[in-house]
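The structure appears below as structure tokens.
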Protein chains: 2
Amino acid sequence: MAKETASASTELKIKQAARKIFMQKGYAAARTRDIAEAAGINLALLNYYFRSKEKLFDIIMLENLQQFIEGIKEILNNRQTSLEQKTETIVTNYINLLTQQPDLPLFVLHELRTHPKEIISKIDRDKFIHRSYFMQQIKDAAKERKAASINPLHFLMNIISLTIFPFVASPIIQNIGGLNQQDFNALMEERKKLIPKWIKAIMQKK
Amino acid sequence: MAKETASASTELKIKQAARKIFMQKGYAAARTRDIAEAAGINLALLNYYFRSKEKLFDIIMLENLQQFIEGIKEILNNRQTSLEQKTETIVTNYINLLTQQPDLPLFVLHELRTHPKEIISKIDRDKFIHRSYFMQQIKDAAKERKAASINPLHFLMNIISLTIFPFVASPIIQNIGGLNQQDFNALMEERKKLIPKWIKAIMQKK
DNA sequence: GTCTATATACGGATAGAC
DNA sequence: GTCTATCCGTATATAGAC
């Protein structure tokens with residue numbers, strides 16, 4: 001019992017350390033020694049728990065992806081909320097998440113592209129975004145307006161681009177704007193209100 | 001003379017191969033052996049020309065950054081063109097560039113974050129964007145309108161987010177939308193006209 | 001479960017012949 | 001300039017003691 005508790009907590013420590021190191025360095029540059037050290041345990045123990053660097057990575061990656069998708073699924077399929085409300089919720093949720101973990105999107109996107117494995121199939125294997133009520137709402141909104149209809153993919157790309165990209169490019173943005181971390185976070189806080197407004201303006205434009 | 005010609009062409013072949021492999025795998029995962037093979041030469045020769053993997057990388061990276069910035073400097077400081085024209089030119093130029101080299105932004109952004117070197121200082125060491133005529137035009141436009149003034153940084157973030165992020169996230173976008181490479185490129189082609197329109201709509205919104 | 005010590009593999013870099 | 005053969009550091013993974 002005491003062993004199991006220790007075991008669980010050790011496993012968790014390793015995973016937390018792994019998440020940190022993997023996100024900082026990327027998979028290839030991350031060293032299992034560093035992960036072990038950051039977890040306050042020995043290298044051999046890491047392999048005892050997770051068998052290999054690759055296996056450990058797969059677990060972290062999967063959890064990250066789930067975290068990314070977690071929540072958004074319900075938001076997109078909520079039949080009670082308007083398109084505007086969904087947009088606002090998505091933007092707010094992601095900005096909150098990424099303010100805590102700014103390295104998350106770049107890490108996921110980079111490993112998704114470079115890693116030979118088919119992690120991508122796990123992202124959206126049931127195509128839930130494509131079939132979501134959200135997508136239906138976009139199509140309907142386009143039909144109902146006299147304005148030229150907007151491709152739902154453009155709409156979706158716009159929301160996530162405006163929300164996520166500033167975090168991905170934050171080193172450059174902070175450099176250009178002469179911003180420290182706090183300034184940058186304040187800017188992102190502003191965007192919680194601004195992006196939904198902008199999206200609305202884009203939709204109304206002919 | 002014949003030697004020098006061969007030398008120059010070999011050096012170029014190595015650089016082209018290096019650019020390709022580095023962009024595909026990232027710095028850490030890229031193997032000099034693979035670069036040599038892709039260049040059709042031997043590993044020893046690579047070190048003969050570039051001394052080390054690190055040195056070769058620095059050269060490739062610097063060239064990529066210059067490519068990224070190349071052109072945009074003149075565009076931003078052109079005193080003859082309007083804000084709308086500049087926006088359209090920037091969007092078109094980047095979409096053209098990234099359609100040819102879709103891995104470029106993710107590679108640059110990832111290495112910028114993970115590589116211990118201070119590459120970033122080279123990006124904008126003279127703060128040319130911040131001091132550009134373009135930035136002045138944004139500030140002026142904000143003043144002249146009755147609409148609430150927009151932070152120039154938000155304006156800039158919006159343009160590059162809407163333009164670049166779709167390429168960064170293209171695997172996910174193609175997965176969600178069920179698009180092949182041609183479909184995706186067609187979508188980006190559409191955005192050349194759409195993004196400037198959207199930016200205009202955003203600006204006019206109170 | 002956790003450690004120390006070690007086997008093994010891989011990748012960057014060099015020596016030296018041509 | 002270009003090659004083959006090889007060295008050597010580093011990083012993953014395992015053996016085996018506690």
Side-chain angles (χ1 to χ4, degrees), chain A residues 1-62 107 110-111 114-117 119, chain B residues 1-62 107 110-111 114-117 119:
Chain A
M1 190 67 158
K3 293 265 182 179
E4 284 170 9
T5 304
S7 163
S9 102
T10 300
E11 190 174 331
L12 187 62
K13 276 196 303 182
I14 296 174
K15 274 166 62 172
Q16 285 171 336
R19 167 169 290 109
K20 186 182 161 192
I21 302 290
F22 277 139
M23 297 228 293
Q24 278 175 1
K25 311 265 190 95
Y27 174 78
R31 285 157 48 212
T32 50
R33 283 174 157 80
D34 291 341
I35 295 174
E37 189 187 4
I41 53 97
N42 189 274
L43 169 61
L45 201 55
L46 184 150
N47 284 293
Y48 172 79
Y49 275 101
F50 296 95
R51 190 66 188 172
S52 77
K53 179 187 180 182
E54 181 82 21
K55 293 238 188 358
L56 175 55
F57 172 78
D58 286 347
I59 292 171
I60 300 297
M61 190 64 179
L62 193 60
F107 168 73
H110 178 253
E111 301 302 340
T114 59
H115 235 255
K117 314 197 59 169
I119 325 172
Chain B
M1 193 65 163
K3 292 262 181 179
E4 283 169 7
T5 304
S7 165
S9 104
T10 300
E11 191 174 330
L12 187 62
K13 276 195 305 183
I14 296 173
K15 274 165 63 172
Q16 285 171 337
R19 166 170 292 110
K20 184 183 162 192
I21 302 291
F22 277 139
M23 299 228 291
Q24 277 176 5
K25 311 267 189 94
Y27 174 78
R31 286 156 51 215
T32 50
R33 285 174 156 79
D34 291 341
I35 296 174
E37 190 186 4
I41 54 98
N42 188 274
L43 169 60
L45 202 55
L46 184 151
N47 284 294
Y48 171 79
Y49 275 102
F50 296 96
R51 186 69 187 173
S52 77
K53 178 186 182 184
E54 180 83 22
K55 293 242 189 352
L56 175 56
F57 172 78
D58 286 347
I59 291 171
I60 300 298
M61 190 65 177
L62 194 61
F107 168 72
H110 178 255
E111 301 303 339
T114 59
H115 234 254
K117 314 199 59 172
I119 325 173

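This is a predicted model, so every value here is computed, not measured. A, B, ... follow the sequence lines: proteins, then strands. Residue 1 opens every chain.
Under a cutoff of 6.0 Å and an axis angle of 45°, A:Lys53 and A:Tyr27 form a cation-pi pair.
Within the structure, salt bridge (Lys or Arg N to Asp or Glu O under 4.0 Å) contacts touching residues 34-46 of chain A (residues at least two apart or in different chains) are A:Lys25-A:Asp34, A:Arg31-A:Asp34.
Taking both residues in full, the closest heavy atoms of B:Ile35 and B:Ile14 are given as CG2-O, 4.1 Å, listed atom of the first, atom of the second, then distance.
For NZ of B:Lys13, the number of neighbouring non-hydrogen atoms (other residues, nucleotides, ligands) closer than 6.0 Å is greater than 12.
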Q: For the pair B:Leu62 and B:Asp58, evaluate side-chain contact (heavy atoms from CB on, under 4.5 Å) and give the outcome as yes or no after the intermediate values.
A: CA-CA 6 Å; B:Leu62 194 61; B:Asp58 286 347; over 6 Å; no
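Rounded to an integer number of Å, the gap from A:Leu45 CG to D:dA13 P is 15 Å. Atom CD1 of A:Ile35 is separated from atom P of D:dA11 by 12 Å (rounded to the nearest Å). Spacing between atom CZ of B:Phe50 and atom C1' of D:dG1 amounts to 14 Å, rounded to whole angstrom units. As a whole-Å value, the separation of A:Glu37 CD from C:dC3 P is 13 Å.
Applying the side chain to side chain donor-acceptor pair (under 3.5 Å) criterion to B:Lys15, with sequence neighbours excluded, gives B:Glu63.
Note on B:Thr10: every side-chain N or O is 4.0 Å or more away from OP1 and OP2 of D:dG1.
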Q | Reading 5' to 3' through nucleotides 7-18 of chain C, protein heavy-atom contacts under 4.0 Å coded B for base, S for sugar-phosphate only, - for none | A | ----BBBBB---
